[in-house]
Number of protein chains: 2
Amino acid sequence: MDVARSEVLEIGTSVACRSCQARHGVVCGALSAGQLIELGRHSLRRKVDAGCEIIAQGSENSFYSNIMRGVVKLCKVMPDGRQQIVGLQFAPDFVGRPFVRESTLSAEAATDAEICVFPRNLLERMILETRELQRSLHAQALIELDAAREWMLTLGRRTAEEKVASLLHLIAAHAETATATSTAFDLSLSRAEIADFLGLTIETVSRQLTRLRKSGVIRIENIRHITVPDMDALAKKISG
Amino acid sequence: MDVARSEVLEIGTSVACRSCQARHGVVCGALSAGQLIELGRHSLRRKVDAGCEIIAQGSENSFYSNIMRGVVKLCKVMPDGRQQIVGLQFAPDFVGRPFVRESTLSAEAATDAEICVFPRNLLERMILETRELQRSLHAQALIELDAAREWMLTLGRRTAEEKVASLLHLIAAHAETATATSTAFDLSLSRAEIADFLGLTIETVSRQLTRLRKSGVIRIENIRHITVPDMDALAKKISG
DNA sequence: ATGAAGACTTGATCTGGATCAAATCGCAAT
DNA sequence: ATTGCGATTTGATCCAGATCAAGTCTTCAT
């Protein structure tokens with residue numbers, strides 16, 4: 001499971017990019033052409049399996065990644081094992097924490113994913129040198145901050161049913177397969193992961209999903225695939 | 001109560017700085033000398049009373065502030081009145097959301113405070129022009145993001161007693177009056193505000209505070225002033 | 001001083017979600 | 001097909017924290 005991770009850790013600035021030049025633009029949409037080439041020379045495209053830990057909580061922030069495909073969950077665990085997912089990242093988000101040596105959270109692939117990896121010193125040097133890169137990372141940090149605060153409201157003040165509806169809404173917003181009203185998507189997360197995102201137990205998540213199914217708001221095509229016939233009906237379940 | 005706010009809203013780029021030059025360095029410690037002068041010419045020092053709303057949720061982000069003294073709470077409210085505090089800001093933090101027109105949260109003085117106010121267009125222009133300002137705002141955004149995620153763990157996975165202990169620890173960390181082991185501080189927040197920060201009710205907050213008092217971890221000098229004889233004992237209450 | 005209105009504490013009871021305990025459902029290996 | 005195992009659902013019970021209901025303590029106006 002951790003093979004991919006140990007390979008990643010061996011990367012240095014002198015490692016050549018293997019195969020990603022062609023699709024770099026997808027990942028780094030906010031960067032200028034010059035930066036793409038610069039990153040391309042020193043980065044490495046990697047496939048990681050679902051469950052693979054990209055960054056470990058408490059480890060050194062020795063490299064950074066761009067997500068090219070898949071979903072990455074950011075996770076905090078307490079000494080006694082209690083666990084909270086504190087963010088979900090989708091392509092083309094950036095994963096890593098500039099300017100801090102030790103990671104306060106772990107990043108783990110929630111689905112099979114592809115990431116573009118490059119070393120810490122390169123990123124931090126480029127942030128200092130390149131206005132546009134700093135600006136896009138600043139913008140992403142502010143967007144993640146808004147998302148984290150929105151989630152604080154969900155964790156602190158919403159009921160279990162509202163929490164589950166909020167998560168479905170969040171994931172649906174990132175799905176491609178949407179018609180005018182209806183949306184279908186992969187959940188990307190197990191019941192246990194959903195529980196850790198929502199501050200609930202797996203039993204409560206399961207019960208609330210069947211509740212939403214019985215009320216006609218969602219259809220559970222199979223254990224990881226959901227259809228929302230009417231997004232407005234789902235949205236109504238979120239607030240009072 | 002809202003007098004100060006309406007005054008603030010009239011500020012434009014041409015308003016002269018009244019009396020803050022002397023103490024600008026305190027607020028904008030991360031900025032270079034040139035920026036201090038630049039901000040000084042266009043900013044306005046204001047005193048705001050406890051309870052005064054600095055920014056309203058849903059309103060336009062028409063100005064930004066630096067906190068010079070006091071505590072500011074960031075708050076989200078739901079249509080049905082449920083409410084969650086999503087951040088506490090202390091001097092010399094920056095309050096405001098660059099690059100977004102409408103505010104998704106309100107900012108309210110939790111204590112009497114002094115802030116240094118300047119207009120949106122000035123700040124956004126300066127971010128684009130000044131490397132060091134962008135860098136320091138990017139750094140603050142990342143620190144706030146770490147804090148928000150730490151708080152997500154507290155909201156999602158900690159018990160009521162651990163939540164209250166976490167908040168006391170957070171506020172104590174910003175108090176000046178600390179000896180080697182013991183710390184005394186003003187709470188800055190009412191029981192209702194503490195409840196809204198922790199996702200609890202005021203009754204539960206009150207009960208947990210007396211619990212911590214009876215177990216000897218804190219002394220309640222009066223309703224808003226706490227002494228922690230031993231910070232390590234408080235820290236032990238936070239995790240398992 | 002006296003009274004009135006908030007803010008806080010304390011007690012009694014209720015309840016949403018946790019915990020404990022079986023099923024049941026995949027699904028991969030044989 | 002059968003077995004085994006982990007993931008999920010479902011049911012029964014429990015409990016931490018919510019809700020309801022009095023008090024008490026502060027503060028401030030008269």
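Just so we're on the same page: letters track the sequence lines, and every chain starts at 1. For the numbers below, each heavy atom of this structure counts, side chains included, while hydrogens, waters and symmetry mates do not.
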Open item on the list: Side chains of B:Ser106 and B:Ile55, heavy atoms from C-beta outward: is any pair under 4.5 Å?
Closed with: no
Open item on the list: How many whole angstroms separate atom CG of A:Leu200 from atom P of D:dT9?
Closed with: 14 Å
Open item on the list: Contact between A:Leu212 and A:Leu168 at the side-chain level, heavy atoms closer than 4.5 Å - yes or no?
Closed with: yes
- [ ] With the side chain counted from C-beta on, respond yes when B:Leu198 and B:Trp151 share a heavy-atom pair under 4.5 Å apart, and no when they do not.
- [x] yes
TODO: Report the residue (A:Arg157 or A:Val205) whose heavy-atom-nearest nucleotide on DNA chain D is the more 5′ of the two.
DONE: A:Val205
Open item on the list: Are the side chains of A:Gln84 and B:Arg149 in contact, using a 4.5 Å heavy-atom criterion?
Closed with: no
Task: Interatomic distance, A:Glu203 CD vs D:dG11 C1' [rounded to whole Å] - done: 11 Å
Open item on the list: Rounded to whole Å, please give me the gap between CZ in B:Arg82 and C1' in D:dT19.
Closed with: 15 Å
Task: Nucleotide D:dT24, atom P - distance to CZ of B:Arg191 in whole Å - done: 19 Å
TODO: Answer yes or no: does atom CZ of B:Arg211 have more than 12 heavy-atom neighbours from other residues, nucleotides or ligands under 6.0 Å?
DONE: no
Task: Closest to the A:Arg207 side chain, choosing from D:dC20, D:dG17, D:dG11 - done: D:dG11
TODO: Would you please confirm or rule out a distance under 4.0 Å between OP1 or OP2 of D:dA18 and any side-chain N or O of B:Thr204?
DONE: yes
Task: With B:Leu88, the side chain to side chain contact (heavy atoms under 4.5 Å, CB included) member among B:Val72, B:Asp93, B:Leu189 - done: B:Leu189
- [ ] Could you check whether A:Leu209 gets within reach of a base, just the sugar-phosphate, or nothing at all, counting any heavy atom under 4.0 Å?
- [x] nothing
TODO: For DNA chain C, note the earliest and the latest nucleotide, 5' to 3', having some atom under 4.0 Å of a heavy atom belonging to chain A.
DONE: C:dG17 to C:dC20
Open item on the list: One thing to verify: whether A:Asp196 and A:Lys73 come together as a salt bridge, which I'm taking to mean a side-chain N less than 4.0 angstrom from a carboxylate O.
Closed with: no
Task: Nearest-angstrom distance from the residue atom CD1 of A:Ile202 to C1' of D:dA7 - done: 8 Å
Open item on the list: From CZ of A:Arg211 over to C1' of D:dT8, roughly how many Å is that when rounded to an integer?
Closed with: 19 Å
Task: A:Asn222 CG to D:dT9 P, straight-line distance once rounded to whole Å - done: 11 Å
Task: B:Thr159 side-chain proximity, nearest of D:dG17, D:dA21, D:dT10 - done: D:dG17
- [ ] Quickly work out the B:Arg158 CZ to D:dG17 P distance and round it to whole Å.
- [x] 14 Å
